[in-house]
**Q** 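Next up is a structure, given as structure tokens.
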There are 2 protein chains.
Amino acid sequence: MNNKEKLRKAGLRPTKQRMIIADILLDGINRHFTAENLQNEINSSGNSMSIATIYNCLKKFRNCGLIKQVESSKDTAIFDTNINQHHHFLDEETGELIDIENDEVNLHKLPKIPQGYLNNGVEVLIKIKKQI
Amino acid sequence: MNNKEKLRKAGLRPTKQRMIIADILLDGINRHFTAENLQNEINSSGNSMSIATIYNCLKKFRNCGLIKQVESSKDTAIFDTNINQHHHFLDEETGELIDIENDEVNLHKLPKIPQGYLNNGVEVLIKIKKQI
DNA sequence: TTTTTACTTTAAAATCGTTCTAAACTACTT
DNA sequence: AAGTAGTTTAGAACGATTTTAAAGTAAAAA
């Protein structure tokens with residue numbers, strides 16, 4: 001399925017701008033990035049786009065499940081092209097994130113989900129720091 | 001150990017402002033809060049403090065391990081008085097966090113920590129959503 | 001003590017990521 | 001081809017946090 005079809009399937013109009021971003025993000029390679037990182041990639045691909053459009057697009061893509069947003073206390077939002085359930089190592093010094101595949105973690109025992117709620121995904125974060 | 005001693009032990013001068021905050025936060029009750037929440041508590045305790053001081057203090061307290069900062073992609077930083085390793089339920093709609101005690105989760109299998117790094121804490125986040 | 005020194009607090013300004021505004025534009029439908 | 005609903009844009013606005021630099025305070029030295 002090409003990117004135009006992916007956008008349509010997600011209920012998004014395949015505009016020129018969304019196609020440029022889809023071509024960068026939906027290439028099957030897993031990566032973590034910020035809005036600013038993406039703008040740089042757009043610029044170096046010879047295109048340009050308003051930062052407002054980039055934010056709009058990232059929000060739409062995330063809400064449609066084309067990308068994920070990482071839970072992180074950094075001051076900039078971090079997105080992830082890996083939409084499968086998976087986990088992360090986090091170097092708190094540098095903010096670097098490293099993917100952990102879902103099958104590398106085994107949760108043996110999980111608490112009972114609070115009354116009236118459904119489980120909507122489990123994320124394991126392993127904080128790491130450089131050995132001295 | 002009283003709060004003055006706790007501050008000194010953490011290497012922090014027990015100033016008037018830090019004592020006011022310590023008296024609110026270090027009462028042994030686990031809670032999640034933002035800088036603004038804390039300012040409201042300070043105000044309703046009959047004190048007042050510059051927001052810059054509150055941020056300074058929270059950063060110091062966090063760096064000393066007196067409180068923790070929660071990994072969260074909300075736009076406001078969320079702090080936690082529970083400094084033991086523990087986990088959270090997160091309602092992504094509302095941002096509400098609910099503590100999960102460490103012994104309620106059992107990690108059966110963990111990935112190998114990357115070369116040159118040390119494990120610095122594991123956090124499990126269970127995203128939940130309201131049942132319709 | 002008093003003096004000195006380093007650290008802390010403060011209000012206000014600045015910064016930075018993100019969102020809003022409203023006008024121009026464009027994809028899709030009729 | 002015309003209509004309409006959704007999209008993009010630059011720039012303004014916003015809100016959380018940090019910086020500034022001057023005044024204040026705790027602890028150390030004399």
Side-chain angles (χ1 to χ4, degrees), chain A residues 2-24 32-43 45 47-64 66-67 69-80 92 95, chain B residues 2-24 32-43 45 47-64 66-67 69-80 92 95:
Chain A
N2 63 32
N3 287 336
K4 189 170 270 187
E5 289 168 341
K6 281 186 197 164
L7 290 178
R8 279 197 214 281
K9 197 178 156 203
L12 297 177
R13 252 188 217 182
T15 64
K16 181 166 155 280
Q17 289 80 354
R18 288 178 185 159
M19 286 300 294
I20 291 169
I21 291 182
D23 287 346
I24 291 172
H32 306 114
F33 62 97
T34 65
E36 200 194 348
N37 294 156
L38 178 57
Q39 189 170 45
N40 291 337
E41 283 203 68
I42 291 168
N43 292 340
S45 76
N47 294 288
S48 78
M49 205 175 296
S50 162
I51 191 68
T53 304
I54 293 175
Y55 278 107
N56 284 343
C57 188
L58 288 174
K59 217 190 277 189
K60 292 266 186 189
F61 276 33
R62 181 198 57 198
N63 292 344
C64 293
L66 292 171
I67 61 175
Q69 183 169 356
V70 179
E71 292 296 330
S72 149
S73 52
K74 292 201 71 185
D75 45 2
T76 357
I78 298 172
F79 296 90
D80 193 336
E92 291 183 287
Chain B
N2 63 30
N3 287 337
K4 189 169 270 189
E5 288 169 340
K6 281 187 197 164
L7 291 178
R8 279 198 214 281
K9 197 179 157 201
L12 297 177
R13 253 188 216 183
T15 64
K16 180 165 156 280
Q17 289 80 354
R18 287 177 185 159
M19 285 301 294
I20 290 169
I21 291 182
D23 287 345
I24 291 172
H32 306 114
F33 62 98
T34 65
E36 200 194 346
N37 294 155
L38 179 57
Q39 190 171 42
N40 291 337
E41 284 203 66
I42 291 167
N43 291 340
S45 77
N47 294 288
S48 79
M49 206 175 295
S50 161
I51 191 68
T53 303
I54 293 175
Y55 277 107
N56 284 342
C57 188
L58 287 175
K59 217 191 276 188
K60 292 267 186 189
F61 276 33
R62 180 199 58 199
N63 293 345
C64 293
L66 292 171
I67 61 176
Q69 183 170 356
V70 179
E71 292 294 330
S72 150
S73 51
K74 294 202 71 186
D75 45 1
T76 357
I78 298 171
F79 296 89
D80 193 335
E92 290 182 288

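Chain A is the first sequence line, chain B the second, and so forth, proteins listed ahead of strands; every chain is numbered from 1.
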**Q** Going from CD1 on Ile51(B) to CG on Leu38(B), what distance comes out if it is rounded to the nearest 0.5 angstrom?
**A**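 If I round to the nearest 0.5 Å, the distance is 8.0 Å.
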**Q** On DNA chain C, which is the earliest and which the latest nucleotide, 5' to 3', with an atom closer than 4.0 Å to a heavy atom of chain A?
**A**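 In short, chain A contacts DNA chain C from dG17(C) to dC28(C).
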**Q** Let me confirm one number: the CD1-CD1 distance from Ile54(B) to Ile21(B), rounded to the nearest 0.5 Å.
**A**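 These two atoms lie 5.5 Å from each other.
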**Q** Going by distance alone, is a donor N or O of one side chain under 3.5 Å from an acceptor N or O of the other, for Thr53(B) and Asn56(B)?
**A**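 No.
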**Q** Heavy-atom nearest nucleotide on DNA chain D for Arg8(B) versus Asp75(B): which residue maps closer to 5'?
**A**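 The residue closer to the strand's 5' end, by nearest nucleotide, is Asp75(B).
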**Q** Would a distance-only check, ignoring hydrogens and angles, find a side-chain to backbone donor-acceptor pair under 3.5 Å from Arg18(A) to Arg13(A)?
**A**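 Yes: the side chain of Arg18(A) pairs with the backbone of Arg13(A).
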**Q** Rounded at 0.5 Å granularity, tell me how far SG in Cys64(B) sits from CG in Leu12(B).
**A**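 It is 4.0 Å, given to the nearest 0.5 Å.
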**Q** Between N or O atoms, less than 3.5 Å apart, protein on one side and nucleotides 6-11 of chain D on the other: list the pairs.
**A**
from   : atom 1 : to       : atom 2 : distance (Å)
dG6(D) : O4'    : Arg13(A) : NH2    : 3.3
dT7(D) : OP1    : Arg18(A) : NH1    : 2.7
dT7(D) : OP1    : Arg18(A) : NH2    : 3.0
dT8(D) : OP1    : Thr15(A) : OG1    : 2.6
dT8(D) : O3'    : Gln17(A) : NE2    : 2.8
dT9(D) : OP1    : Gln17(A) : NE2    : 3.3
dT9(D) : OP2    : Ser50(A) : N      : 3.4
dT9(D) : OP2    : Thr53(A) : OG1    : 2.6

**Q** Strictly distance-based, threshold 3.5 Å: is any side-chain N or O of Asn43(A) a donor or acceptor partner for the main-chain N or O of Asn40(A)?
**A**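 Not at all, since once roles are kept as given, no pair shorter than 3.5 Å links the two residues.
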**Q** I'd like to check the salt bridge (charged side-chain N to carboxylate O under 4.0 Å, His left out) partners of Glu41(A); sequence neighbours left out, ordered by chain and number.
**A**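 Testing Glu41(A) for salt bridge (charged side-chain N to carboxylate O under 4.0 Å, His left out), a comparison that skips the adjacent residues, returns Arg31(A).
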**Q** Report the distance from atom NZ of Lys74(A) to atom P of dT17(D), rounded to the nearest whole Å.
**A**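 Those two atoms, NZ and P, are 16 Å apart.
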**Q** In Å, rounded to the nearest 0.5 Å, how long is the span from OG of Ser73(B) to CZ of Arg62(A)?
**A**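 Between atom OG of Ser73(B) and atom CZ of Arg62(A) there are 7.5 Å.
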